[in-house]
**Student:** 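My questions will all concern the structure given below.
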Amino acid sequence: MLESYREEIIPEKWYNIIPDLPEPLPPPLDRSKGRSSIDLLNDIVPKEILKQEFSFSRYVDIPDEVREQYIQIGRPTPLVRARNLEKRLDYRGKIFFKFEGATVTGSHKINTAIPQAYYAAQEGSSGTVTETGAGQWGTATALASSLYSLPCTVFMVRISYQQKPGRKVIMNTYGADVIPSPSDMTGSGLKFFKENTNHPGSLGIAISEAVEYAMKKNLKYMIGSVLNSAITHQSIIGLETIKQLELEGEKADSLIGCVGGGSNFSGFVFPFLNDHEDMDIIASTAEEVPKFTRGEYKYDYIDSAGILPQLRMFSLGADFVPPKIYSGGLRYHGASPSLSLLVRNGRIKAEDVSQNEVIDALKIFAGTQGIIAAPESGHAIASALRYIKANKNEKKTVVVNVSGHGLLDLGIFEGKRE
Amino acid sequence: MKDLYLYFTMGYPDMDTLERFISLINADKVNGIEIGFPSMDPKYDGPEIRKSHSSAVDPGRERMLEFLKILGMKNIPLYSLQYYSDICSDIEENLAILRESGFSGIIVPDLTTDYFKDSEKVIDHIEESGLDFIPFFSASSPDRVIARQCSLTSSWIYYGIQPSTGINMPMDMAPGVQRIRSIAGNRKMIFGFGIRNEDHVREAVRNGADGIAIGTILLKYLESNDKNGFIDLVERMRVALNDNS
Ligand SMILES: Cc1ncc(COP(=O)(O)O)c(C=O)c1O
């Protein structure tokens, strides 16, 4: 019975929004003088992932083997009616949260790590490499690689490496090597490492390092966010949520999530967009990394060194080094092109939340629902609290994506500021 | 019979060489010629065609018009490939030159993505000027954009297989093509971007191409002034196109 319930909720296909966008998605741009930076992906990304990236099918079959692994790592994740929070806020509408923190690695990141590692293994690659900010993506990559017996290397943004030693231990336990970035192991890292051996790093720099390392060592580079294939895999969040709401006989009026590169948010929201034209949709970003409110909508590099192609997106500049906030996963200069397009055209509203407001929201959520949410997810919760306050009398059904747990991010509550 | 379209960059490698190669083209074998006018920023082209833009020789107005006149006498439909970012400031003059030189239509690769809000107005304007606006679609074109542009135009459709010219990423052609077909009906679809050999041609035809456009692979023959190689290539492409038809 348990299995059949799961089978019913976990979709058989991922959803890709591109054919349903209101405007065409600007293609990736190659600015290189020599070899095309798009062509370069052929060496470091599994063929099947590239196929998904460039074929733009509206629906993509989830391999049976991947569906089985989804069950193994805790999918479907719960959709919980937050009755305690409703009561605390004296809210007469309904609040639901989708809890991606319930996966074994603690966030949504495993949703795309599994298929990427699966295809990498199928194609006989010799190992994986990636970057990680908060440590959630590195953890997911480390586990997914272990599931398919692939050696794994993770470049971890140094500030997170120092703030979250537990993440390193977990990745090591899953069998991965963890290197603080910027490091002296790649050209793109060395540039910053020489300047300052204690450079806090950024996701942009760590991506450059991982890509460079993948090329040098002939490894597969795992795409954590931003690119469309990762976002398509994350659609499992929204597809499950739709099904779970349906089973509850509920209909969402508002969707709220947080944005780093855009994968958990887009995965959560995009499957709803076609059939729910009148929903309020809010993307919550860090005030310290205000890509949507202060960034420019333009072609910019994915990584700091400009090894990968440019994407048309909201960006604070590929060389932007964000302040050292606890939400490591939000310390990225850009956001995925499809999400950027929908924010720009007004379908999705964006707002910034400060770290202090996040801490308050995390405490309220913990004190009512018992969950210590990830600092990144704290932005979504804070935006939800704002939204509920502003719509107190409207009895809306608000659904929040809580992208991860924060059990390894407790420093944020001790008021430690580096 | 399937169509074969050839792409050249104006002034590359130089006007005399280009003219010599154009004179080799036989109207029995080639159904259309596309002329790319060098752009300040040919952003949706790959490294090789970008290089042809930056090193093309500027012929000057007189020489260009003379060249276009020669082209016009070949009795092969002509299409310009121009970036909207280059022509928007002087679109009237541009359309007038094309029309007077006997061009049939215009392909504007950046219009729909970079100037979406203006795109329908521009398409109307081009169509009213007596030139065909050739819709440029790819697997990423949304349904509603395909539907709108098909309703505003009546020509063939340019289908970009790859995200830019000159590269080859793994992909399933079928879903994108089938989706466009389901909206565009039986409009002629010419596939371009990334066709480098006979296998690519056959794959395009298998996936429903009514013809193909090639550009990047022609460059090396022009660069080395290899006329026989060029004639042979056109012949081989022609054969591959007919293979499945
Ligand atoms: C828990 C959590 N939420 C959100 C994010 C932000 O990434 P994305 O916007 O791709 O979901 C991260 C990234 O590390 C994360 O770990």
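Residue numbers begin at 1 in each chain, while the letters A, B, ... track the order of the sequences. Only heavy atoms go into these numbers, but all of them, side chains included; no hydrogens, no water, no symmetry mates.
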**Student:** Picking from A/G34, A/S57, A/S32, A/P22, which has the most non-hydrogen pairs under 4.5 angstrom with chain B?
**Tutor:** A/P22

**Student:** Is the backbone of A/G260 close enough, under 3.5 Å, to the side chain of A/K291 for a donor and an acceptor to pair up by distance?
**Tutor:** yes

**Student:** Quick one: which of A/D39, A/L25, A/I38 has the most heavy-atom pairs under 4.5 Å with chain B, could you say?
**Tutor:** A/I38

**Student:** Name the option with the most non-hydrogen atom pairs under 4.5 Å to chain B; the candidates are A/E53, A/K51, A/R312.
**Tutor:** A/K51

**Student:** Tell me yes or no: between the side chains of A/D319 and A/S304, is some donor less than 3.5 Å from an acceptor?
**Tutor:** no

**Student:** For B/K117, is it the side chain, the backbone, both, or neither that has a heavy atom closer than 4.5 Å to a heavy atom of chain A?
**Tutor:** side chain

**Student:** Check this for me: A/D64, atom CG, are more than 12 non-hydrogen atoms of other residues, nucleotides or ligands nearer than 6.0 Å?
**Tutor:** no

**Student:** So, A/E65 versus A/Y148: side-chain donor-acceptor pair below 3.5 Å or not?
**Tutor:** yes

**Student:** Specify whether B/H53 and B/Y7 have parallel, tilted or perpendicular ring planes, treating 30° as the upper limit for parallel and 60° as the lower limit for perpendicular.
**Tutor:** parallel

**Student:** What residue, out of B/P170, B/P175, B/P47, B/G160, has the most heavy-atom pairs lying under 4.5 Å from chain A?
**Tutor:** B/P170

**Student:** Between B/Q149 and B/T112, does the side chain to side chain donor-acceptor pair (under 3.5 Å) criterion hold? Intermediate values first, please.
**Tutor:** CA-CA 10 Å; B/Q149 295 206 357; B/T112 316; 3.0 Å; yes

**Student:** In terms of heavy-atom pairs under 4.5 Å with chain B, which of A/P28, A/P309, A/S55 leads?
**Tutor:** A/S55

**Student:** Between B/I161, B/D45, B/V145, which residue shows the highest count of heavy-atom pairs closer than 4.5 Å to chain A?
**Tutor:** B/V145

**Student:** For the backbone of B/Y84 and the side chain of B/D110, can you confirm whether one donor and one acceptor N or O come within less than 3.5 Å of each other?
**Tutor:** yes

**Student:** Checking heavy atoms, do the side chain of B/R50, its backbone, both or neither come under 4.5 Å from chain A?
**Tutor:** side chain

**Student:** Give the member of A/L41, A/I49, A/N42, A/L50 that has the highest number of heavy-atom pairs under 4.5 Å with chain B.
**Tutor:** A/N42

